[in-house]
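Below you'll find the structure, written out as structure tokens, and then a few comments.
Letters A, B, ... mirror the listed sequences (proteins, then strands); counts begin at 1.
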2 protein chains.
Amino acid sequence: MSAKHNDVVKLSEILEKFRDNFPVSSEKWEEYTSRFHRVQVPAKTILLREGEISRKAYLIEKGCIRVWFDNKGEEVTFQFFFENSTVSSIESFKKGTPSLFTLETTEPCTLWWIDKKDVDNLLDEVSEIPSMRNQILNILFERTLHYMQHFLSFVRDTPQERYENLLHNQPYIIQRVPQHYIASYLGISRVHLSRIKNKMARGK
Amino acid sequence: MSAKHNDVVKLSEILEKFRDNFPVSSEKWEEYTSRFHRVQVPAKTILLREGEISRKAYLIEKGCIRVWFDNKGEEVTFQFFFENSTVSSIESFKKGTPSLFTLETTEPCTLWWIDKKDVDNLLDEVSEIPSMRNQILNILFERTLHYMQHFLSFVRDTPQERYENLLHNQPYIIQRVPQHYIASYLGISRVHLSRIKNKMARGK
DNA sequence: GTCAAACGATAACATTTGTTACCAAATTCA
DNA sequence: TGAATTTGGTAACAAATGTTATCGTTTGAC
């Protein structure tokens, strides 16, 4: 990875944002946050390649990460992540299996990464605290719901409706990400997405 | 619900199957399992209707539950559950929001249901035990992965490939469930599923 | 056993969506 | 700045899939 390391930077505001969620001593907080490493990478940097085993999780301070997989020779975009999100190839990170996805930046990014073993330790410690247990469950649960909802929109809605929903609910995705990535994210060809936009531009 | 209640039945083998997963005293085990209620219902029984709030989770001793939702007037099947599975409208059960789905039996069923407040209590108690915490996380995680995989197959595979996968990985679904339910589960019309079967019957 | 409802196959036709090809605009980078 | 790459639009055609309608067959309730 062609990246500038800069781990001595003062703990960023981005980590401070989570301070309230951790009912632990300053010492513990220091210890936890010191496991995160700040790194800056250019656009189109591959953080993890499909088939590799994920050993890092990322927190995005600035930028965008695209998660995609190869389907019969063409890239299919599965998800986008932006500022304040944590990203990993979740199944590979948790189970140590080869990743189904590639993680790639679409913009120059400022990221904080943390090693799997530090995450594991941290989880063990922190899940002794009931309120933290619930938070962990909630986060996982919300991600489950997100997949469910996303899937639902594929079964329930037409491609045009999916595009309209995206435009309405996450316009920043459309603004920041090249359109052909969005096409495969919506499950259609670039040509068809162009048609849809054209159709919508004239009164539907 | 037109059902025969029969709660005094001796604790079924189905609950005993989980005994090993609960490192608790016999008294505790007694207490936990006594919260489950056995019930037998005919085919096409609606256990929860879309829009209602889920207050029960079900464990299937015998039979099949179909989870579906109404999409512009037609039923779209989202999932099937069989013996030894636990079923609820997960987001409604957890959050108390109106269910996005209807739960309906496709066969006469023998079920064990448990009330939400009993589940909540049980979870609180049981998650004090580290090994149980991990199990709970794993179950939730596996369900997340399942949604992810199912979604992936929609993006990646053709309808025929999805049908072939189903035939290969879960042939019992095709054997036990009426075909038109399977069509919408695969995201296609019944006519198209018929075409696919026909095509496959002659050498593809 | 009978009758109604549910189920599944098929044909004809309509619509949606993909594919390929080509071009123009925007962006990147040396 | 200028060339190469990326990105986005459009047209023509092909393929996939949906819709509607019809007709047997199976199933289930009584």
Side-chain angles (χ1 to χ4, degrees), chain A residues 2 41-46 63-64 66 68 71-77 80 104-109 153-164 166-167 173-202 204, chain B residues 2 41-46 63-64 66 68 71-77 80 104-109 153-164 166-167 173-202 204:
Chain A
S2 101
V41 299
K44 306 215 177 198
T45 301
I46 291 185
C64 172
R66 177 173 75 103
W68 60 270
N71 184 26
K72 296 155 190 162
E74 73 171 344
E75 295 183 8
V76 176
T77 297
F80 299 105
E104 180 177 356
T105 59
T106 67
E107 307 175 358
C109 287
S153 85
F154 267 71
V155 178
R156 190 183 52 218
D157 304 328
T158 65
Q160 175 163 345
E161 287 168 335
R162 287 202 293 282
Y163 182 73
E164 288 168 343
L166 193 65
L167 204 51
I173 294 188
I174 291 170
Q175 287 151 17
R176 288 172 66 170
V177 174
Q179 180 170 312
H180 60 288
Y181 293 154
I182 294 181
S184 76
Y185 178 68
L186 294 175
I188 58 180
S189 67
R190 326 174 207 195
V191 175
H192 195 56
L193 178 53
S194 237
R195 273 197 286 248
I196 286 172
K197 286 180 65 177
N198 182 305
K199 191 175 163 193
M200 287 171 59
R202 316 176 323 245
K204 306 203 165 187
Chain B
S2 101
V41 299
K44 306 215 178 198
T45 301
I46 291 185
C64 171
R66 177 173 75 104
W68 59 269
N71 184 26
K72 297 155 190 163
E74 73 172 344
E75 295 183 8
V76 176
T77 297
F80 299 105
E104 180 177 354
T105 59
T106 68
E107 308 174 357
C109 288
S153 85
F154 266 72
V155 178
R156 192 183 51 220
D157 304 329
T158 66
Q160 175 164 344
E161 288 169 334
R162 287 203 292 282
Y163 182 72
E164 287 168 344
L166 193 64
L167 204 51
I173 293 188
I174 290 170
Q175 287 151 16
R176 288 173 64 170
V177 174
Q179 179 171 313
H180 61 288
Y181 292 154
I182 293 182
S184 76
Y185 178 70
L186 295 175
I188 59 180
S189 67
R190 328 173 208 195
V191 176
H192 196 56
L193 177 53
S194 237
R195 273 197 286 250
I196 286 173
K197 286 181 65 177
N198 182 306
K199 190 175 164 194
M200 287 171 59
R202 317 178 323 245
K204 307 205 168 188

Exercise for review: Show your reasoning for whether side-chain hydrogen bond (donor to acceptor under 3.5 Å, both in side chains) applies to A:Thr77 and A:Arg66.
Suggested key: CA-CA 7 Å; A:Thr77 297; A:Arg66 177 173 75 103; 2.9 Å; yes
Review point. Is there side-chain contact between A:Arg195 and A:Lys199, with at least one heavy-atom pair below 4.5 Å?
Key: no
Review point. Ion pair present between A:Glu161 and B:Lys72, side-chain N to carboxylate O less than 4.0 angstrom?
Key: yes
Review point. Whole Å only: how far is the CD atom of A:Glu107 from the C1' atom of C:dT28?
Key: 15 Å
Check your understanding: Does a sphere of radius 6.0 Å around CZ in A:Arg190 hold more than 12 heavy atoms from other residues, nucleotides or ligands, not counting ones at 6.0 Å or beyond?
Key -> no
Review point. Are any of the side-chain heavy atoms of B:Ile196 and B:Pro159 separated by less than 4.5 Å?
Key: yes
Revision key, fill the gap. B:Tyr163 atom OH is separated from D:dA16 atom P, nearest whole Å, by 19 Å
Study note, to complete from the structure: Whether each nucleotide of nucleotides 8-16 of chain C has a protein heavy atom under 4.0 Å at its base (B), only at its sugar-phosphate (S) or at neither (-) is summarised, 5' to 3', as SBBBB----
**Study point:** Separation of D:dT6 C1' from A:Arg176 CZ (nearest whole Å)
**Key:** 19 Å
Study note, to complete from the structure: Value for CD (A:Glu107) from OG1 (A:Thr45), rounded to nearest 0.5 Å, stands at 12.0 Å
Practice item. Quickly work out the A:Ile174 CD1 to D:dG8 C1' distance and round it to whole Å. Key: 15 Å
Review point. Separation of B:Arg156 atom CZ from C:dG18 atom C1', in whole Å?
Key: 19 Å
Point to revise | Contact letters for nucleotides 23-30 of chain D, in which S counts primed atoms plus P, OP1 and OP2 and B counts the base, heavy atoms under 4.0 Å | key: --------
Review point. Are B:Val155 and A:Asn71 close enough that some pair of their side-chain heavy atoms sits under 4.5 Å apart?
Key: no
Exercise for review: Answer whether the closest heavy-atom distance between the side chains of A:Tyr163 and A:Met200 falls below 4.5 Å.
Suggested key: yes
Practice item. Write down the distance between CD1 (A:Ile188) and P (D:dG8), rounded to a whole number of angstrom. Key: 13 Å
